[in-house]
Novice: 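Before anything else, here's the structure in question.
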Amino acid sequence: MNTVIQLLYLLTAVFFMLGVMRLRSPATARSGNQLAALGMAIALAATLWANHRFAGGALIALAALLGLVVGSAAALKVRMTAMPQMVALFNGMGGGAAALVAAGDWVARGPGGAAGAIAALFTVLVGSVSFSGSLIAFLKLQEWIQGRPIVYPGQKAVSLLLLLVDLAAGVALAAGNLGQGPTPMGLYSLLALLLGIQVVLPIGGADMPVVISLLNAMTGLAAAASGFLLQNQVLIIAGALVGASGTILTQQMSRAMNRPLSNILFGAFGQLRTEGGQAVEGTVQSATVEDVATLLAYARRVIIVPGYGLAVARAQQEVRQLMDKLLQRNVDVRFAIHPVAGRMPGHMNVLLAEADVPYDRLYEMEVINPEFAQTDVALVIGANDVTNPAARTQPSSPLYGMPILNVDQAAHIVVLKRSMNPGFAGVDNPLYLNPKTQMLFGDAKASLTQLLKALDEV
Amino acid sequence: MGSGLLVETYVFVLAVFVGFQLISKVPSVLHTPLMSATNAIHGIVLVAALTLAASVRTPGGIWVAAGAVFLATLNVVGGFVVTDRILGMFRSTKRSE
């Protein structure tokens with residue numbers, strides 16, 4: 001029987017791999033996800049077949065049922081604009097589950113040898129940090145706590161101290177100096193939870209794509225470590241797969257910001273600052289809706305540059321209608337997607353997909369950047385730092401070196417923006433003072449609605 | 001190092017390499033579904049949670065196991081459903097016309 005179960009776990013691993021393989025193309029991705037879900041169902045069936053005698057069967061069944069109901073209700077109801085926080089939340093749940101498993105196993109069976117002890121302590125530490133860190137990321141994205149970095153003097157020292165104390169506690173636990181009961185393990189977990197809160201609090205909203213990816217990788221590694229603990233290969237394989245995925249995304253996101261991971265984690269980037277960046281001379285030209293409508297209607301090529309502001313204004317449907325209207329007038333409309341636009345990797349793609357914008361109109365930065373020079377109008381909606389030319393030209397700017405969308409090379413630039421407030425990085429954007437730039441102030445959704453009306457009258 | 005642990009280390013290292021190969025070919029348009037699908041995949045800790053649930057005997061242990069089962073189920077179900085919802089929205093020009 002044991003061999004059959006092991007083979008079923010192998011089948012699960014194969015399904016996971018095939019599923020991820022199908023995520024390489026939007027046409028096959030959905031079936032890939034379903035394949036992975038099928039793999040998961042096989043693993044769960046095999047596990048229940050191997051272990052069907054539960055001491056607290058009713059409670060366990062209730063817990064599973066509750067997870068099923070809450071999980072599917074949340075997943076079906078969540079708005080696409082709230083997707084980053086939902087992903088963060090589900091990620092945290094996995095981390096928390098891994099930590100509970102390892103802690104529970106430790107108290108029930110005791111540390112099983114040196115390797116077992118290391119695996120258990122690692123799982124509890126990383127799983128707990130991922131749990132509480134993801135919850136803080138969730139609260140920030142949901143704006144239940146402020147998105148800007150929350151900092152206080154000596155914060156890094158406190159984080160380091162927490163980590164060292166927790167590691168020391170881990171060594172003492174492994175050596176058996178703290179006894180076997182649940183209390184020492186509970187304290188060890190508590191310290192790890194505090195560490196997770198402490199590490200994510202000083203990270204600002206615009207750096208969330210990196211943080212979410214990193215937390216994703218951490219939960220994966222916690223799952224893999226729990227596989228070492230329980231000597232279960234499918235946990236190791238699946239955990240390693242997720243660890244690799246999260247690591248790649250983390251690397252790609254920090255590369256797209258041109259900042260090393262350490263700077264993102266410990267730099268408290270995006271604090272409101274008074275100094276920094278040199279002041280730029282020039283005047284801001286504000287446009288009327290009619291001006292912009294005429295400009296767009298007689299353009300041949302338009303590139304729309306969406307940013308987080310689009311998600312905040314929930315204006316994705318209006319953008320799609322604008323695209324449709326322009327296409328009817330034989331204007332070529334494309335979308336330029338910066339890798340870190342929004343609050344999670346691929347955020348803009350999901351938002352526009354929800355509004356039925358075909359994915360083949362969406363272009364990655366490297367592909368679309370040479371096209372701006374041949375573009376009549378670049379329409380920037382709720383994007384700021386990713387269009388800031390200071391990133392190319394001003395070594396003193398905090399954004400210097402970050403790859404940006406070359407919006408300033410278009411013949412005309414129209415920026416939809418709420419006000420002249422600086423973007424997340426707290427840096428002025430010289431793009432707005434460019435003589436080619438016209439600003440259309442106001443809420444993106446309201447501006448776009450007026451723009452759609454004005455287009456009918458052109 | 002026991003032979004079991006050695007085999008597990010082999011599996012882990014090879015799986016990391018396979019993971020890097022598979023994931024690095026995912027285009028950025030699919031980064032959100034990639035993240036939420038891998039998110040669902042690490043819900044495999046539900047296997048670990050169920051294994052623990054079958055081995056504990058004390059009331060405290062049962063509560064901890066139930067907590068793990070709850071969180072992991074949430075992770076699995078929520079992750080796969082959300083990913084399916086997201087991917088259901090992706091359309092190409094051909095299919096939308």
Side-chain angles (χ1 to χ4, degrees), chain A residues 16 20-21 23-24 26 29-30 33 37 43 47 51 54-56 59-60 63-64 66-68 70-72 74-75 87 90-91 93-94 96-98 100-101 104-105 108 115 216 219-220 223 226 228 230 233 235-238 240-242 244-245 248 345-346 349-350 353-354 358-360 364, chain B residues 5 8 11-12 15-16 19-20 22-26 28-39 41-45 47-54 56-57 61-62 64-75 77-84 86-87 89-93 96:
Chain A
F16 283 170
V20 173
M21 225 185 264
L23 280 174
R24 287 179 196 171
R30 196 174 188 184
N33 180 55
T47 308
N51 315 283
F54 295 101
L59 191 63
I60 303 295
L66 208 61
L68 184 77
V70 177
S72 48
V87 169
F90 288 145
N91 182 57
M93 298 302 111
L100 280 177
V101 167
D105 186 68
N216 185 234
T219 307
S226 75
F228 277 96
L230 300 176
Q233 317 274 9
L235 284 166
I236 296 177
I237 296 174
L241 191 66
V242 181
S245 154
I248 288 179
N349 303 86
V350 174
E354 189 202 9
Y359 59 77
D360 40 18
E364 294 177 23
Chain B
L5 180 61
E8 281 149 18
V11 168
F12 176 74
V16 167
F20 267 97
L22 288 178
I23 310 283
S24 55
K25 298 197 176 74
V26 174
S28 65
V29 59
L30 288 172
H31 274 170
T32 294
L34 167 68
M35 205 168 52
S36 75
T38 53
N39 223 334
I41 288 176
H42 67 50
I44 192 78
V45 289
V47 165
L50 289 171
T51 310
L52 175 71
V56 288
R57 293 288 173 267
I62 292 169
V64 169
V69 168
F70 169 67
L71 293 181
T73 311
L74 206 66
N75 181 183
V77 177
F80 281 120
V81 172
V82 140
T83 313
D84 191 62
I86 294 173
L87 287 170
M89 298 182 319
F90 277 77
R91 270 172 242 290
S92 70
T93 315
S96 62

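Quick note: numbers below take in every heavy atom, side chains included, and nothing from hydrogens, waters or symmetry partners. The sequence lines fix the lettering, A, B, ..., with proteins before strands; numbering per chain opens at 1.
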Novice: Heavy-atom pairs under 4.5 Å with chain B - which of N91(A), I60(A), V70(A) has more of them than the others?
Specialist: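 Most pairs with chain B among the choices: N91(A).
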
Novice: Out of A98(A), A223(A), G346(A), G67(A), which one racks up the most heavy-atom pairs below 4.5 Å with chain B?
Specialist: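 Going by pairs under 4.5 Å, I would pick G67(A).
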
Novice: Output the option from V56(B), D84(B), V45(B) having the highest count of non-hydrogen pairs under 4.5 Å with chain A.
Specialist: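 If we count pairs closer than 4.5 Å to chain A, D84(B) comes out on top.
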
Novice: Please state whether the side chain, the backbone, both or neither of E364(A) comes within less than 4.5 Å of a heavy atom of chain B.
Specialist: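 Interface part for E364(A): side chain.
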
Novice: Would you check if the side chain of N75(B) reaches a backbone N or O of N39(B) as a donor-acceptor pair within less than 3.5 Å?
Specialist: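 Side chain of N75(B) to backbone of N39(B), a donor-acceptor pair under 3.5 Å: yes, one is there.
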
Novice: Taking side chain as everything from C-beta outward and backbone as N, CA, C, O, which of these in A238(A) sits under 4.5 Å from a heavy atom of chain B? Side chain, backbone, both or neither.
Specialist: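 Both parts, heavy atoms under 4.5 Å.
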
Novice: Could you tell me which portion of S245(A) (side chain, backbone, both or neither) has an atom closer than 4.5 angstrom to a non-hydrogen atom of chain B?
Specialist: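 Both the backbone and the side chain of S245(A) come within 4.5 Å of chain B.
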
Novice: Compare all side-chain heavy atoms of V20(A) with those of I41(B) and state whether any distance is below 4.5 angstrom.
Specialist: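 The answer is yes, as the side chains (C-beta and beyond) meet within the 4.5 Å cut-off.
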
Novice: Please identify, among A115(A), A97(A), S226(A), the residue contributing the most non-hydrogen atom pairs under 4.5 Å to chain B.
Specialist: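 Ranked by contacts with chain B, first place is A97(A).
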
Novice: Restricting to non-hydrogen atoms, name the atom on A37(B) and the atom on N33(A) that form the minimum distance, rounded to 0.1 Å.
Specialist: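 That closest heavy-atom pairing would be CB-OD1, 4.0 Å.
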
Novice: I'd like to know which of T51(B), V47(B), V64(B), V26(B) tops the heavy-atom pair count under 4.5 Å against chain A.
Specialist: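 Most heavy-atom pairs under 4.5 Å with chain A: V47(B).
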
Novice: Does N349(A) use its side chain to pair, donor to acceptor, with the backbone of T32(B) at less than 3.5 Å?
Specialist: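 It does not hold such a pair.
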
Novice: I'd like to know if the side chain of N51(A) and the backbone of T47(A) have a donor-acceptor N/O pair within less than 3.5 Å.
Specialist: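 Flag set: sc N51(A) to bb T47(A) pair under 3.5 Å.
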
Novice: Just give me the residue among N216(A), L66(A), V350(A), I237(A) that pairs up with chain B most often, heavy atom to heavy atom, under 4.5 Å.
Specialist: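 Option with the greatest count: N216(A).
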
Novice: Looking at chain B, which one of V87(A), I248(A), L241(A) has the largest number of heavy-atom pairs inside 4.5 Å, strictly under?
Specialist: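 Winner by heavy-atom pair count: I248(A).
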
Novice: Can you tell me how far CD1 of I23(B) sits from CG of L23(A), rounded to the nearest 0.5 angstrom?
Specialist: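 Rounded to the nearest 0.5 Å, the CG-CD1 separation comes to 7.5 Å.
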
Novice: Sort out for me which of R57(B), K25(B), E8(B) touches chain A most, counting heavy-atom pairs under 4.5 Å.
Specialist: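 Answer, by heavy-atom pair count under 4.5 Å with chain A: E8(B).
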
Novice: Based on non-hydrogen pairs under 4.5 Å, which of S24(B), A68(B), A72(B) is most in contact with chain A?
Specialist: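 Among S24(B), A68(B), A72(B), the one with the most close pairs to chain A is A68(B).
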
Novice: With a 4.5 Å cut-off on side-chain heavy atoms, are F90(A) and V82(B) touching?
Specialist: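 They are in contact (side-chain heavy atoms under 4.5 Å apart), so the answer is yes.
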
Novice: Are side-chain heavy atoms of L50(B) and V69(B) found at a separation under 4.5 Å?
Specialist: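 Of all side-chain heavy-atom pairs linking V69(B) with L50(B), at least one is under 4.5 Å.
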
Novice: Under 4.5 Å from any heavy atom of chain A, what part of I62(B) do you find: side chain, backbone, both or neither?
Specialist: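 Its backbone and side chain both get close to chain A.
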
Novice: Give the member of G96(A), G56(A), A37(A), A74(A) that has the highest number of heavy-atom pairs under 4.5 Å with chain B.
Specialist: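 It is A37(A).
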
Novice: Is L68(A) in contact with chain B via its backbone, its side chain, both, or neither, using a 4.5 Å heavy-atom distance?
Specialist: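 Answer is both: backbone and side chain atoms of L68(A) are under 4.5 Å from chain B.
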
Novice: Run the numbers on F16(A) and I44(B) for side chain to side chain contact (heavy atoms under 4.5 Å, CB included), then give the verdict.
Specialist: CA-CA 11 Å; F16(A) 283 170; I44(B) 192 78; 4.0 Å; yes

Novice: Locate the shortest heavy-atom distance separating R24(A) from L30(B); write the atom from each residue and the value.
Specialist: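 In this case the closest contact between R24(A) and L30(B) is C-CD1, 4.1 Å.
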
Novice: Non-hydrogen atoms of chain A under 4.5 Å away: do they reach the side chain of L34(B), the backbone, both or neither?
Specialist: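 Contact with chain A: backbone and side chain both.
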
Novice: For the interface with chain A, which of V16(B), T38(B), T83(B), I86(B) has the highest count of heavy-atom pairs at distances below 4.5 Å?
Specialist: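 Highest number of heavy-atom pairs under 4.5 Å: T38(B).
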
Novice: Between Y359(A) and F90(B), how do the two ring planes meet: parallel, tilted or perpendicular, split at 30° and 60°?
Specialist: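 Ring orientation of Y359(A) relative to F90(B): tilted.
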
